[in-house]
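Below is one structure, written out as structure tokens; the observations come after it.
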Amino acid sequence: MASVRTRFAPSPTGYLHLGSARTALYSWAYARRHGGRFVLRIEDTDEDRSSRKAEAAVLEGLHWLGLDWDEGPFRQSERRDRYREVLEQLLADDSAYRCVCEREDLEARKQADLAAGGKGIYDGRCRNLHLGPDCGTHTVRLRVPAEGMLDFDDLVFGHSGQDASQIGDAIIQRSDGTALYNLAVVVDDLDMSITHVIRGADHHPNTPLQVAIYRALDAPLPAFAHLPLIVGESGKKLSKRRDNVSIQQFRDEGYLAEAVANWLVRLGWSHGDDEIFGLDDITRLFDLANVGRSAARAELPKLEWLDQHYIKALKGDDLFARVHPHLERVAGGSVQDTPALRKLLDLLRERSKTLVEMAELARWQLRDELDYQQKAVQKHLRPVVAPLLRDLRDGMQTLSDWSEGALQKLFDEVADAHGGLKMGKLAQPVRVAVTGGPNSPGIFETLEVVGRDRSVQRLGRAIEMAEARADAHES
RNA sequence: GUCCCCAUCGUCUAUCGGUCAGGACAUGAGCCUUUCAAGCUCAAGAGGCGGGUUCGAUUCCCGCUGGGGAUGCCA
């Protein structure tokens, strides 16, 4: 058997669509798994909707996910002559014919047919007119056989097909002389020797028509594999309006590429009870045989869990580089690489579902001005804690060494001095004082990150806040 | 309307005639604990309905119901 050749053929939409991303991932994985080649082709036959910029965004999405291709990108817009050549050939052997039916008229006849209980397919008015090139403005239609099965093997859905009588003679060339999608894909897949056409199940119903084209061209069929749709919360096909369909948006929301890829690969494919798949695992294990047949609902919780899973494994330079843009957004300016920040990020790994969340959790380190959470201030910075904070602050100023160990010792001493206070009584007020909120990593680690000067300063501010409330009570 | 497809916990899925129907996420409870997480333990939670076939159906067949997709001079 010829070596595997798969392709990904997106239309340039300005971003990489979630469903397309999965199709790309599966096609890529299938080629890699079988030592084949992966071809990239841009389907830009609809000029109105295509631009180079929109195409670049699609490629960027692919790169971000970690997918690479061996050939291309080829563009259908650059293959017009080839389509024309094929069209001429089809016309010459009478597999196709010119049609001069006008749009409005066509629509009216279709509606009438539908109303009369018909199927609403082309009535074949020009089918036997044998119109020549001089017939004026015209489209070209494929002469689909009147009967017989237009069938094909589908690696996911099994043997599929439709009776030819259910399909009208479809237009394959527009009246402006350009080829339509259904013709272009077939010609491209043939010319590019694609062995496995892997694409979304929304193309499943179009395939019989394409089979008719293959036959008209007297060409062998590739293997088809239609992937069940990914649907949104609504249970319907993903829509730009309702759902987040842009891979770039997931990236911007702080999801890691490996998490998105892992999420996508499991949306429709499985390998026993396994859940964690890196790109390398995917190229090693992926197979069409284990792709399911029903639509999968894209829900975020699993993605979040995966994202946290991969974030937990991130460290050092890699971690820093990936959160950096998000840190700068929170900081509202440039963010320097410091040991304290590195330590904080490390502590935040298992507390963050996304990089965006991680950056948010680092806010108290990124900005000198604290955002105090009123509820936490009310609860923890009460007048009675002022003396505690004062002792702690004083102790910090003379602490010989600013380390978790030394801080722990200081806290123990202050707790003893105040009648054996529980650690929680001390930790929470301090936490609110130095971070502005009730949640953060361990208090000693937090203080170490904040640093002596800022800790002392923030404690001072907290003492003022607590005492101010005492005054308010008295007056 | 017509054609095509799909149907296991809330979600993603395993099962390829015989299982206490398994796992994961989410959910609830507990443990841990200076907060939040993380981690660990436990719990609850599924074969749409009706017919067949079979010694035996979630699994195979048919019908129904439900859902989805396609029906473009879009891809």
Side-chain angles (χ1 to χ4, degrees), chain A residues 9-13 43-46 48-50 76 99 101-103 106-107 110 113-121 137-141 154 157 160-163 165-168 170-176 178 180-182 184-185 199-209 226 228-229 231 233 235-237 263 266-276 290 292-306 308 312 347-353 361 376 380 408 411 415 422-432 435 437-444 446:
Chain A
S11 42
T13 47
E43 310 218 314
D44 56 353
T45 50
D46 187 356
D48 295 347
R49 301 198 207 167
S50 304
Q76 292 189 326
C99 171
C101 293
E102 283 173 21
R103 233 180 281 247
L106 235 25
E107 182 59 24
K110 176 180 170 181
D113 181 46
L114 244 24
K119 292 187 282 245
I121 59 180
T137 302
H138 64 272
T139 57
V140 173
R141 288 183 186 268
D154 193 292
F157 289 98
S160 308
Q162 225 175 111
D163 196 89
S165 63
Q166 300 297 329
I167 297 178
I171 296 178
I172 53 179
Q173 183 187 66
R174 296 184 179 87
S175 50
D176 67 1
T178 58
L180 241 35
Y181 167 75
N182 281 116
V185 235
R199 63 190 4 170
D202 45 341
H203 289 282
H204 197 223
N206 289 328
T207 309
L209 171 62
H226 288 97
L229 259 25
V231 298
E233 305 273 357
K236 292 191 172 65
K237 195 173 165 180
W263 183 50
R266 284 286 291 106
L267 241 33
W269 173 79
S270 62
H271 184 264
D273 285 340
D274 300 342
E275 294 289 347
I276 302 298
N290 297 309
R293 287 187 303 272
S294 48
R297 204 174 287 245
E299 294 196 343
L300 254 23
K302 192 77 157 262
L303 206 214
E304 290 174 343
W305 173 73
L306 283 165
Q308 179 160 36
K312 279 193 282 188
L347 293 168
L348 257 22
R349 286 185 306 150
E350 58 191 23
R351 295 173 166 83
S352 315
K353 287 193 179 66
L361 292 175
H380 299 293
Q408 165 113 47
F411 272 61
K422 290 262 218 177
M423 190 53 73
K425 294 285 184 194
L426 235 43
Q428 281 311 82
V430 174
R431 197 183 309 277
V432 175
T435 70
N439 303 324
S440 85
I443 192 62
F444 308 123
T446 299

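On a predicted model such as this, the values are computed, not experimentally measured, just so you know.
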For nucleotides 1-12 of chain B, 5' to 3', base contacts (B), sugar-phosphate-only contacts (S) and non-contacts (-) with protein non-hydrogen atoms under 4.0 Å give BSSSSSS---SB

With B for base contact, S for sugar-phosphate-only contact and - for none (protein heavy atoms under 4.0 Å), nucleotides 34-41 of chain B reads BBBBSS--

If the condition is salt bridge (charged side-chain N to carboxylate O under 4.0 Å, His left out), which residues does R199(A) pass it with, not counting sequence neighbours?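 None.
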
Restricting to nitrogen or oxygen on both sides, can you table the protein-nucleotides 43-50 of chain B pairs closer than 3.5 Å?
none

Report each atom pair, protein N/O against N/O of nucleotides 30-32 of chain B, whose distance is under 3.5 angstrom.
none

Restricting to side chain to side chain donor-acceptor pair (under 3.5 Å), what partner residues turn up for [X], sequence neighbours left out?
X: H203(A); result: Y181(A)
X: S352(A); result: none
X: E304(A); result: none
X: E299(A); result: none

Pairing residues for W263(A) by the ring-ring contact (aromatic ring centres under 6.0 Å, His included) criterion, not counting sequence neighbours: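 With neighbours one apart ignored, the set is F250(A).
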
Discussion item. Restricting to ring-ring contact (aromatic ring centres under 6.0 Å, His included), what partner residues turn up for H138(A), sequence neighbours left out?
Written reply: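 For H138(A), no residue satisfies ring-ring contact (aromatic ring centres under 6.0 Å, His included) once neighbours in sequence are set aside.
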
Query raised in the report: Per the atom types in the model, does the base of rA75(B) pair as donor or acceptor with the side chain of N206(A) at under 3.5 Å?
Result: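 Per atom types, the contact qualifies.
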
side-chain contact (heavy atoms from CB on, under 4.5 Å) partners of A296(A), counting only residues at least two apart: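 Only L267(A) meet the side-chain contact (heavy atoms from CB on, under 4.5 Å) criterion with A296(A).
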
- For rG72(B), does either OP1 or OP2 sit under 4.0 Å from a side-chain N or O belonging to R174(A)?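 Indeed not, no polar side-chain atom of R174(A) lies that close.
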
